[in-house]
Amino acid sequence: MPDTIDATAALLAGRRASEGPGDTLRIVLLGSIVGVALLAWFLLRGYRTDDTATRTDGDANTDGDANA
């Protein structure tokens with residue numbers, strides 16, 4: 001019968017060096033943070049109002065119909 005104690009010790013010693021999610025978790029967290037920032041920028045840019053460049057008639061009516 002082969003010596004399984006030495007084989008097991010060698011496998012466990014190699015496993016300790018890469019124990020835990022480490023790099024993968026770090027990459028997922030960084031990607032999530034960047035993704036949330038880009039999503040917030042994309043969604044919030046739609047709420048931006050730039051009334052000075054588009055409104056030239058001075059009317060306070062926002063629906064575009066001056067007779068309403």
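FYI, the numbering just counts along the sequence from 1.
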By side chain to side chain contact (heavy atoms under 4.5 Å, CB included), L44 pairs with (sequence neighbours left out) Y47
From CD1 (I33) to CG (L30), nearest 0.5 Å: 6.5 Å
Salt bridge (charged side-chain N to carboxylate O under 4.0 Å, His left out) partners of [range], not counting sequence neighbours, each pair once:
{"range": "residues 29-43", "result": "none"}
{"range": "residues 32-41", "result": "none"}
{"range": "residues 21-40", "result": "D23-R26"}

Who are the side-chain hydrogen bond (donor to acceptor under 3.5 Å, both in side chains) partners of R45, not counting sequence neighbours? none
Please list all pairs passing the side chain to side chain donor-acceptor pair (under 3.5 Å) test where one or both residues lie in residues 27-40, with sequence neighbours left out. none
Hydrophobic cluster mates of W41, side-chain heavy atoms under 4.5 angstrom, ILVMFWY only, any path? L39, F42, L43
